[in-house]
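Here is the structure we will look at, set down as structure tokens.
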2 protein chains.
Amino acid sequence: MVGIKDIAREAGTSVSTISNVLNGKKNVSEATRERVLNICRELSYYPSVTGRALKVGNNNTIMFNFSDFDRSFYLKIMKGISDYVNDNDFDLIICTNKSGEKYMRNNLSRGCIILDKMMKDNVLLSVANPNYPIVVLDRMLDHRCIKSVVVNNYDPMKEMVHGLVQRGYRKFGFLGGPEYTTDNKERYEAFKDALEEDKIPFRQKFYFKGDYKEKSGYSAAKIMVSTQMMPEILVCANDNMAIGAIKAFNSYGLNVPADIAITGFDDCDLAGAMGLTTISIPNYERGFMAARYLIENIRGEMNTEPFMIPAKIKWRSSVLEFKSKKI
Amino acid sequence: MVGIKDIAREAGTSVSTISNVLNGKKNVSEATRERVLNICRELSYYPSVTGRALKVGNNNTIMFNFSDFDRSFYLKIMKGISDYVNDNDFDLIICTNKSGEKYMRNNLSRGCIILDKMMKDNVLLSVANPNYPIVVLDRMLDHRCIKSVVVNNYDPMKEMVHGLVQRGYRKFGFLGGPEYTTDNKERYEAFKDALEEDKIPFRQKFYFKGDYKEKSGYSAAKIMVSTQMMPEILVCANDNMAIGAIKAFNSYGLNVPADIAITGFDDCDLAGAMGLTTISIPNYERGFMAARYLIENIRGEMNTEPFMIPAKIKWRSSVLEFKSKKI
DNA sequence: TTGTAAGCGTTATCAC
DNA sequence: GTGATAACGCTTACAA
């Protein structure tokens, strides 16, 4: 590996001069600057991030941590982050589950965006400090150096359920995601509250449990069919499970929405193609805003008011416009 | 930041002892080991990756470089990589476009997997060495420390075109991707060769140019319609463009496959849902194998025979089983 | 304008 | 079994 010393030797100067050139310090003659730069190019020298980070204590890198590879819209979040970060001359490293913590504790990054549910709250609370701000997606954390960027799950979900009631649906089923996740909790709360406001009873036996993956939706739907526990409308906590459920119902010869209506949450690519009624989250913007707040906070702003992203209902063909009332 | 020195002070030992404990050296008494470990936990000490990397010259981290956020199956490749890497106690950092080169040139990673088309061949050729092996996806590079993992585009594409001819299609259009990419070249070659073997003429004016993105397929299709240059079957170099084309045709009231048949390449999620005939690439396996070869090569194997991943045709409803011949 | 030298957090070598 | 110390590549006072 070619280092600063090699350049210095070749240029016949000291290492500090090289460093000065590289860091755009003004105390170096135009001649030397030129010469040094040329040599760097010739020897294809790249300053060592580790050497620099070790000395300086930081660099312009932020980290993004995620782990659920089944949620394909994560790519959109990444793109949002990546675009903002690039425009602001920061570098981005993305890492998954366990490595994340390791890279936070060091001076490899100056801040991070966390989407990984596996990352524990108390770790984040203990790591965050004025020199290492954090942005968390989809969770609320109260700390003066942590900004929460959360989707407004509650309002659109409630509105959608009211809309379903208006369309004539009465017998509701709910297919939930992992129960420790905030978004699942909020979606379920909104669902229950809406029914309560509309004075529609909801029985616990119509609550089914999934894990946000397509397979779990498939299994849950099969159970509904085989145990004859069919609701008129199955509200799912995300699209993947809704899609799994649709496939399962279809495999039994059941038609969506004629035999059973279904809704999702996320508006993934497939949802559009399959005509799934769902709630659309602006993912690119979500990533972009997260990166923006993080970098602003790194630069000293330290604005940590929770930021709420609006989501929008997409009515599609998986629910009927007017469900004919029974009898 | 709590460092090895703080632990040493707290434990009343020297830093070397701490280091020895941390690295599982045997020359340390059980008592001290226990004590040190406890203190590390109490102070929530995490060894600095930078310090270590600087000293040791490497660590167990590999890098994955990509940049096209529109290709949603990239997540599957990542998952394949991530799974293998985790099982082998390596860390993974993912980065996009320009940062990639920076992180290669340093001792931050011990090797990398490259999918980013923007990464120049000559950079890779100059960086690869026995201590820094590279695996490239979707491109062929001849270097004793670079392994190419490529999809067999040619054979299944040729087979598919032959199949289309058998089904009665004669008037072919081709919608290509970026022309500098190997996969586009191979797919087009196979397309032309198959037609030639079947003695079906292909006229250059039925070659349309796209960039692998949905939008470009949409535009190309609109041009076909408005200039009356409609083929019977439009073979697209990837799914995204095929999907764009389908949307455009539908917007003109044209039916796929009745009015025009379409095929894609990739078998993305949407392809299944839309009934697009396409060629399926085992992406998870692709990532997994890439990671496996890379880590084996880091461990000294240095097997750099190109590895070819098979791909499989998925016949779906976007082409007719039997096209009734004209006249 | 340029050079010297200390130090960032770690590990390796060698002495004790 | 334990501890001093040099070294990794870099930046930054400070000295020249």
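First the proteins, then the strands, lettered A, B, ... as listed; each starts at 1. Only heavy atoms go into these numbers, but all of them, side chains included; no hydrogens, no water, no symmetry mates.
Counting only residues at least two apart or on different chains, the ring pair (Phe, Tyr, Trp, His ring centres under 6.0 Å) pairs with a member in residues 82-139 of chain B are B/Y84-B/F288. Within the structure, every pair that satisfies the salt bridge (charged side-chain N to carboxylate O under 4.0 Å, His left out) test and touches residues 127-151 of chain B, not counting sequence neighbours, is listed here: B/D121-B/R139, B/D138-B/R286.
When the side-chain nitrogen and oxygen atoms of A/T17 are compared with OP1 and OP2 of C/dT1, none of them lie within a distance under 4.0 Å.
Put simply, chain B comes within 4.0 Å of DNA chain D, heavy atom to any atom, from D/dG1 to D/dG9, going 5' to 3'.
Scored by the side-chain hydrogen bond (donor to acceptor under 3.5 Å, both in side chains) test, B/N238 finds no partners at all (sequence neighbours excluded). Qualifying side-chain hydrogen bond (donor to acceptor under 3.5 Å, both in side chains) partners for B/N60, counting only residues two or more places apart in sequence or in other chains: B/R110. In terms of the side-chain hydrogen bond (donor to acceptor under 3.5 Å, both in side chains) criterion, residue partners of A/D6 (sequence neighbours excluded) are, by chain and number, A/R9. Qualifying side chain to side chain contact (heavy atoms under 4.5 Å, CB included) partners for B/P282, counting only residues two or more places apart in sequence or in other chains: B/E285, B/I309. Taking B/N86 as the reference, nothing meets the side-chain hydrogen bond (donor to acceptor under 3.5 Å, both in side chains) condition, with sequence neighbours excluded. For B/V15, the side chain to side chain contact (heavy atoms under 4.5 Å, CB included) test picks out B/I4, B/K5, B/A8, with sequence neighbours left out. Applying the ring-ring contact (aromatic ring centres under 6.0 Å, His included) test to B/F69 and every residue at least two apart in sequence or in another chain returns B/F66.
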Letter by letter from the 5' end, nucleotides 8-14 of chain C scores (B base, S sugar-phosphate only, - none; protein heavy atoms under 4.0 Å) BBBBB--
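The pair A/D91-B/K102 counts as a salt bridge, with a side-chain nitrogen and a carboxylate oxygen less than 4.0 angstrom apart.
Comparing the local axis fitted to the first five base pairs of the helix from C/dT1-D/dA16 to C/dC16-D/dG1 with the one fitted to its last five gives a bend of 40°, rounded to 10°.
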